[in-house]
2 protein chains.
Amino acid sequence: MITNKRVTILNAAKNAFSLFGYKGTTVAHVAKLAHVGKGTIYTEFKNKEQLFEAVMDEILNDLDTIFQRVLHQNERSLLKVHRALYETLQYRKEHQLLIHLTEEVNIHGTQEAVSAIQKVEQFILDSLERAIAQGVEQGRLHVVNTEITAFTIYKLYIAFIVDWEEKKPPLSKEEMFQVFENHIFYGIAVRSS
Amino acid sequence: MITNKRVTILNAAKNAFSLFGYKGTTVAHVAKLAHVGKGTIYTEFKNKEQLFEAVMDEILNDLDTIFQRVLHQNERSLLKVHRALYETLQYRKEHQLLIHLTEEVNIHGTQEAVSAIQKVEQFILDSLERAIAQGVEQGRLHVVNTEITAFTIYKLYIAFIVDWEEKKPPLSKEEMFQVFENHIFYGIAVRSS
DNA sequence: CAAATGACTATTTTGTCGTTTTGGTCAATT
DNA sequence: AATTGACCAAAACGACAAAATAGTCATTTG
């Protein structure tokens with residue numbers, strides 16, 4: 001066995017949490033998936049919560065990778081921010097674990113699920129804010145308060161990806177970009193003179 | 001007694017629902033508040049659900065009044081839309097019943113509460129869309145799709161009035177307007193030439 | 001006698017308590 | 001020394017009883 005114990009357990013846990021959510025996965029189940037005894041898990045992780053946090057950290061890493069990759073591409077600020085956010089939320093939407101956690105928060109009020117989602121949300125907001133600040137420094141964006149702007153853009157995307165799709169056909173990546181461009185970026189005001 | 005039976009019951013119900021939400025108010029309680037027998041309620045309303053819907057209709061009426069009043073003032077489109085939405089959401093936020101209903105939806109998944117809130121939300125979206133269409137006709141706004149723009153603006157306000165306040169000090173009416181103006185109306189793009 | 005009523009019934013909600021499951025430990029095993 | 005799974009206390013579940021509530025209807029009332 002070349003992979004070490006910790007990684008093996010972590011992968012098993014990632015799968016289990018992804019399939020069944022936080023409450024839905026038992027430590028015994030993770031142990032079975034990882035082909036280790038239950039006690040072994042407790043030699044690597046203090047308790048179930050810490051195991052879960054380790055898994056979440058991996059996911060935050062994935063998100064970071066996505067953000068870094070997109071933000072280093074050579075595009076105009078606007079498109080960058082859009083692409084970064086869109087891909088992040090797409091990943092978030094597709095990732096079974098995050099879906100399960102969101103459902104868990106609505107059904108039981110699992111504390112772990114709540115703070116996990118908050119952590120992910122805060123991470124996205126922070127990354128977004130940095131991207132915007134970058135645009136401001138380059139003189140490409142006119143922004144009074146980067147935190148407010150990051151919040152605005154984030155909520156707008158969430159609204160379209162989550163709420164809009166509850167009653168209307170989903171917007172494509174390009175349509176989302178149009179909305180973003182027309183509203184946030186250029187504004188709906190008709191310019192006189 | 002000059003007020004008729006139906007109105008008396010409706011007022012009592014409005015108070016009761018406002019104080020305790022849908023699940024929290026019992027028909028017996030409404031009867032006592034209205035100083036009528038429980039059976040009397042069932043001569044005017046088919047069941048608890050219909051009584052509740054009658055109360056909700058009154059509230060939608062209030063909202064309509066607010067919208068009409070603001071929209072007939074002589075101001076530029078932007079300010080109108082802002083003011084209409086802000087006052088509507090302010091009313092919504094202050095009205096005990098709507099607060100209780102929102103909480104109810106989060107705790108139990110009361111069907112009545114869900115559809116009531118959806119109804120209110122749809123009403124606001126429709127009114128907003130009409131206000132925007134008006135601005136477009138007058139050549140004051142450049143909008144591709146009034147439904148999408150209404151949705152965008154509405155969600156933005158909700159985000160600031162509900163989510164933002166969970167972690168940051170609330171924005172004043174003027175600050176809200178600034179955000180609205182900077183992002184949706186003028187856009188954050190820096191204009192060259 | 002038509003409208004109003006509250007005691008009554010059927011249904012839903014809440015509380016309880018014994019059973020099962022699960023997170024975490026630790027003495028036995030490798 | 002590292003690993004393990006039987007074991008234990010605590011939490012979750014669920015079946016059932018008790019309480020609360022929506023809705024009905026025979027009786028009362030103005």
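No experiment lies behind these values; they were computed from the predicted model shown. Letters A, B, ... are given to chains in the order of the sequence lines, protein chains preceding strands, and every chain is numbered from 1. Basis for what follows: all heavy atoms, side chains included, without hydrogens, waters or symmetry-related copies.
Between A:His82 and A:Phe177, the angle of the ring planes lies from 30° to 60°, which puts this pair in the tilted group.
Nucleotide C:dG6 holds its C1' atom 12 Å from the NZ atom of B:Lys32, rounded to whole Å. The interatomic distance linking A:Glu112 (CD) with C:dG23 (P) rounds to 11 Å, in whole Å. Between the CZ atom of A:Arg6 and the P atom of D:dT3 there is a distance of 14 Å, rounded to whole Å. Here the C1' atom of nucleotide D:dT3 and the CG atom of A:Asn4 are 15 Å apart, to the nearest Å. With rounding to whole Å, A:Ile41 atom CD1 is found 18 Å from D:dA2 atom P. Protein atom CZ of A:Phe17 is 9 Å distant from nucleotide atom P of C:dG23, rounded to whole Å. For B:Gln50 and D:dG23, the CD to P distance is 10 Å, given to the nearest whole Å. When rounded to the nearest whole Å, the span between CG of B:Asn47 and P of C:dT12 equals 13 Å.
The listed nucleotides are D:dT4, C:dG23, C:dA4; the one nearest the side chain of A:Val27 is C:dG23. When each of D:dA22, D:dT4, C:dG23 is scored by its nearest atom to the side-chain atoms of A:Lys48, the top-ranked nucleotide is C:dG23. Side-chain proximity of A:Thr40 to the nucleotides C:dA4, D:dA22, D:dT4 is greatest for D:dT4. Comparing D:dT4, D:dT21, C:dG24 by their closest approach to the side chain of A:Val36 singles out D:dT4. Comparing D:dG23, C:dG23, C:dA4 by their closest approach to the side chain of B:Tyr42 singles out D:dG23.
Scanning atom types as modelled, one donor and one acceptor separated by under 3.5 angstrom connect the side chain of B:Lys38 and the base of D:dG23.
Annotation: A:Lys173, atom NZ; neighbour count of heavy atoms from other residues, nucleotides and ligands within 6.0 Å is above 12. At most 12 heavy atoms of other shown residues, nucleotides or ligands fall within 6.0 angstrom of atom NZ in B:Lys168.
A donor-acceptor contact closer than 3.5 angstrom links the side chains of A:Glu121 and A:Tyr154.
Closest approach of B:Glu181 and B:Leu78 over heavy atoms only: OE2-CD2, 3.8 Å.
Each of B:Gly24 and A:Lys23 has a nearest nucleotide on DNA chain D; the 5'-most of these lies closest to A:Lys23. Mapping A:Thr25 and B:Glu44 onto DNA chain C by nearest heavy atom places B:Glu44 closer to the 5' end of the strand.
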